[in-house]
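Here is the structure we will look at, set down as structure tokens.
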4 protein chains.
Amino acid sequence: MPTPVPGPEDALVKVKSVGICGTDSHYWKTGSVGSFTIREPMILGHEVSGEVVEVGEAVSNLSVGDRVTIEPGAPCRKCRFCKMGRYNLCPQKRFMGDPPTNGAFAEYVSWPSDFVFEMPEDMTYDEGAMIEPLAVGVYSVNRAHITTGDIVMIMGAGPVGLMILQAALTAGAGKIIVSDTDDWRLEKAKSFGATATINAKEDVLARIQDLTKGNYVDVAMEASGSREATAQAVKVTRRGGTISLVGVYETGEFTYPLLDVIMKELIVVGNIDGANVFQKSLDLMASRRFDARTLITHHLPLDDIETGFRILEEKKEHALKVLVHP
Amino acid sequence: MPTPVPGPEDALVKVKSVGICGTDSHYWKTGSVGSFTIREPMILGHEVSGEVVEVGEAVSNLSVGDRVTIEPGAPCRKCRFCKMGRYNLCPQKRFMGDPPTNGAFAEYVSWPSDFVFEMPEDMTYDEGAMIEPLAVGVYSVNRAHITTGDIVMIMGAGPVGLMILQAALTAGAGKIIVSDTDDWRLEKAKSFGATATINAKEDVLARIQDLTKGNYVDVAMEASGSREATAQAVKVTRRGGTISLVGVYETGEFTYPLLDVIMKELIVVGNIDGANVFQKSLDLMASRRFDARTLITHHLPLDDIETGFRILEEKKEHALKVLVHP
Amino acid sequence: MPTPVPGPEDALVKVKSVGICGTDSHYWKTGSVGSFTIREPMILGHEVSGEVVEVGEAVSNLSVGDRVTIEPGAPCRKCRFCKMGRYNLCPQKRFMGDPPTNGAFAEYVSWPSDFVFEMPEDMTYDEGAMIEPLAVGVYSVNRAHITTGDIVMIMGAGPVGLMILQAALTAGAGKIIVSDTDDWRLEKAKSFGATATINAKEDVLARIQDLTKGNYVDVAMEASGSREATAQAVKVTRRGGTISLVGVYETGEFTYPLLDVIMKELIVVGNIDGANVFQKSLDLMASRRFDARTLITHHLPLDDIETGFRILEEKKEHALKVLVHP
Amino acid sequence: MPTPVPGPEDALVKVKSVGICGTDSHYWKTGSVGSFTIREPMILGHEVSGEVVEVGEAVSNLSVGDRVTIEPGAPCRKCRFCKMGRYNLCPQKRFMGDPPTNGAFAEYVSWPSDFVFEMPEDMTYDEGAMIEPLAVGVYSVNRAHITTGDIVMIMGAGPVGLMILQAALTAGAGKIIVSDTDDWRLEKAKSFGATATINAKEDVLARIQDLTKGNYVDVAMEASGSREATAQAVKVTRRGGTISLVGVYETGEFTYPLLDVIMKELIVVGNIDGANVFQKSLDLMASRRFDARTLITHHLPLDDIETGFRILEEKKEHALKVLVHP
């Protein structure tokens, strides 16, 4: 691939660390995610840090040599969604590694400089690559309107779930209950501050009733992508509570207990990517209130990225986040 | 049935007009609504107006002879839901005509006086009986956070849908599109101010794209109880829009396009009954901004209530609201 | 003045109607508004309609000959305020007629095409020039979170107050009480739908207690710019109510009853210009739910604009909105 | 004083620890707080823990011997404020130690049992007495809508300010800057997690510009009651930010820069006491996410309470919270 040429408002970044996300794996396996389908060869990857090696003539916020992390969705800035601050919903948005926009499993990426953020000196490139998944967690937690002391349930203890766990703790959750089918991941959840964990093979509703003394949870964050967990989220949430959907990538329709949504007056909130949280997520990572390092389980050279996809698919080894390095 | 004896904080009301609601019909047909099941003979009815004939010793807001309408859910006032202002979610709530609380298809009802509201002189008892369904509409519209000029779709042009239509217009909807399978009801919707109507047997999504010039609707209010319409609401709503569920009474699970909820970042809001809107709904009815009379299609004596249930079930005649009078 | 040359994304508009706003008058009299001060000769005017006579090469939403109205603040699209949807707070925003950006009291203006909106065929240029003040009203009413049936007080029955009055009615206000010192303006308020009016020389608080049966108002919208009215807004609002500040242009500090803000748990909301409401305001004007014509009291040729400023300053004649036409 | 006799729904509590609040001191000094004035001898005190020694016949949530803390405002449960969940605004509310309701500087208090909360075994009575001021902090922070990573300024490092500091940290504040005139208190603030402190005698605005790199603060929490700080809060807050008023007890009017509130589109939020946060505040204290002990600087027997008032008034000794014990 030729090195991209930055436009007047772009920064050219030499990639240092890139994470493999669940959506990358999904594209790799199936060729599509939601309504996006890959139709010709392209580069995936959108969790990225690196070094600025060139800037366009109109760029003033960055200089060559800056160590940076990148917010991977570049919107049109003119549609009604951009204007109302919901640029993640922009239909013209170029998102790194969503077709047809090439991603960051590459040596260089060129990107609009106001979506490129300087990292503080003591932040590593690996941490920088973890800002994007953290931002997804922070964004979904903000939208779930957690109030101080709320009981929060998180379904799924993968990288997204564990970022949400840390974001929910930061946002004032009083108790956090995490469910997953993998006991090793549940142990990780505990080490990140979960108050209690539930193996999803147990009777989850009974466990929740017990753990909350019959009060159920105030907010359920679905980060597993499992159809069962998605329906279960409705059952474990108290009247008037909130359900946040972060992790569903399976296509097709869902069997959903909508009558409970009505009878309990729940609010169900969809989330896709994020907006307006990148700088604050970076600042929180810099303040050491988040632990990215424990989430990183594997490092691979870019040439060996297929091994990374296989590790994540086969789940043979204990794997959370796999980083690749060009 | 013996006449109830009011407690110290209750008012005894001689019933004048009572509407038959969809839930009454549902109980009459199946014996249950959602999680409520009738296990022994009881009185239904919760859309009620009448005259105060006796007040308890501690009642100061009402006097004998007052013409009143009644908010039909009486909560415990002590649980966390009552304290947070969501008394419609109170697990101890007595709701008129929900088992085991007797309702208003009777000569007299006794009810806590602070849930009994005096009507202005020029409001008829029939209008008074229509405050409750209006309040359901106002409540759901408030929770849908319509902003001025929004394009709103209402699915279902029955009594609830037509009340929502009027409430949505009052709340600032710019365009209102109503769908139903019954052309007579769609005509009614037009007379109440609908901008456009769609027969649900048409290609609803295509019509919406056309009517909104591809922008889709900002808010969809589901008031039909139809499984198809419930799923369709997700399809017709723009990115970042809101779906309000008001009219689903069928039990069992729903096939629901949750992936769209996520990819479009929708918010889905459940609604049950209402809270804190009765006085304002009454004031709005008094100000003639709502038309209750056009909704009332049949009057019957209380003895003939079964005819009312049959009219509603068989839909042989053009029927919207059936009122009974003891 | 030379005719401006549109950039690739701009439209050149031949001005047809321009309103004189209170801020224009204020600049004309004092040379400054808030923190903006005019330091060299410039053109005022930002309530404008006209005809597209040229478009830049990248413009696709407009064509030569289109009849249009203009949203007068053009933001940078890159700062955190723009990204969060609050582009009216953008520090780099060019606002027509705020120094150093020239305004629309001119034959031509060039403006970014996505802030130029096509008018429907049956909308007049005069109505088009009134979209901007209407949008200010709609924006402030949206931010005041009026719920259906609220009692709303509007202080000041000038053009802004009367637009807010119409916007508040549209947004579901149940009763609207308007105060002003000018009885002619109060009559206008009644003709626009005010439930009651108060001459501000009366005992306003006593009148409010009387009109609301001691309940006070849910929302007070301050659109007079008077120091007395601004403090009074705190007194007339019920516990837990909202105060919206729209019309204060006097510099210096205010004597403000902050203790009442605390003891009554009020929320005080500042408003400046508006954002994300222009298209919807235009649609509402098109649907004839707003009456702009009654607000327009004077027409003048552009050459005679000083007469317009004098009419507004001296208030000799009954004047609301003065339009000038190049 | 005779021991009070509990009603059927009350619990009689033997007082163990009571804090002296700023309002108690204010009553002691001046005889009034806001609109409340003491007209005959009465008992103050509303930050209280103790042991249940008797319960009314209708009480089911408590038993004799329970160790408890008390939410000190008992509302009417029937007015519109109670119904909408804002029972702290109930005009009929009895608030411990606000005339004419006697408070907890006494051996026994009787109180509605649903406003009496059982403490976990390992929570001390002194911690129990601190739940009320913590709840004030949690409530004001919830109402300030802090989002994850926000820069928060707290004005005033007294007991309320330091509770707000902990509540703001818990709610996700990224950086917290605290100002006060007392360096010892600022040291305390640092030990509780403040990112930076400012002695209010410095140029506060310049320090804020410096500390925030010109971004100003997202949220300012005013907990000092100082007129200067109250106005300053407007200056240090960024465009579109929020100001929360928690600590103003001085009567009279305030000189307030309202034009900045408008030009920057600030939201100013009043707070009085709190609602719906007591159980969650207790749970958070139980989870050791709050440190109450460091705030308690003095213990006195009830007989010696005047010494407590003097310590707080004269500020001779380093004093934060003074507890008295009957």
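Just so you know, these numbers use all the heavy atoms, side chains as well, and skip hydrogens, waters and symmetry mates. Per chain, numbering begins at 1; letters A, B, ... match sequence-line order.
Between B:D114 and B:R77 there is a salt bridge, since at least one side-chain N of the basic residue sits less than 4.0 Å from a carboxylate O of the acidic one.
A:N88 touches chain B through its side chain: at least one heavy atom from C-beta onward sits under 4.5 Å away, while N, CA, C and O do not. Proximity to chain B (any heavy atom under 4.5 Å) is restricted, for A:R86, to the side chain, taken from C-beta onward. If you measure heavy-atom distances from B:I267 to chain A, the contacts under 4.5 Å come from both the backbone and the side chain. Contact of A:Y256 with chain B is made through backbone and side chain together, with heavy-atom distances under 4.5 Å. Residue A:C90 touches chain B through its backbone alone, counting heavy-atom pairs closer than 4.5 Å. When heavy atoms are compared at a cutoff of 4.5 Å, A:L89 approaches chain B by way of both its backbone and its side chain.
Results of the side chain to side chain contact (heavy atoms under 4.5 Å, CB included) test with B:M153 over B:V204, B:I243, B:I176 single out B:V204 as the only residue that passes.
Between chain B and the residues A:D273, A:L266, A:N271, A:V261, the most heavy-atom pairs under 4.5 angstrom are made by A:N271. Between chain A and the residues B:T242, B:V269, B:T255, the largest count of heavy-atom pairs under 4.5 Å involves B:T255.
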- request: Might you work through the side chain to side chain contact (heavy atoms under 4.5 Å, CB included) test for A:E313 and A:S25, ending with a clear yes or no?
  value: CA-CA 7 Å; A:E313 193 190 10; A:S25 299; over 6 Å; no

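B:F36 and B:P99 make their closest contact through CD2-O, 3.8 Å (heavy atoms, listed as atom of the first residue, atom of the second, distance).
Looking at B:V152 and B:M221, their side chains come closer than 4.5 Å, going by heavy atoms from C-beta outward.
Under the 3.5 Å distance criterion, the side-chain polar atoms of A:Q92 are left unmatched by any main-chain donor or acceptor of A:R94.
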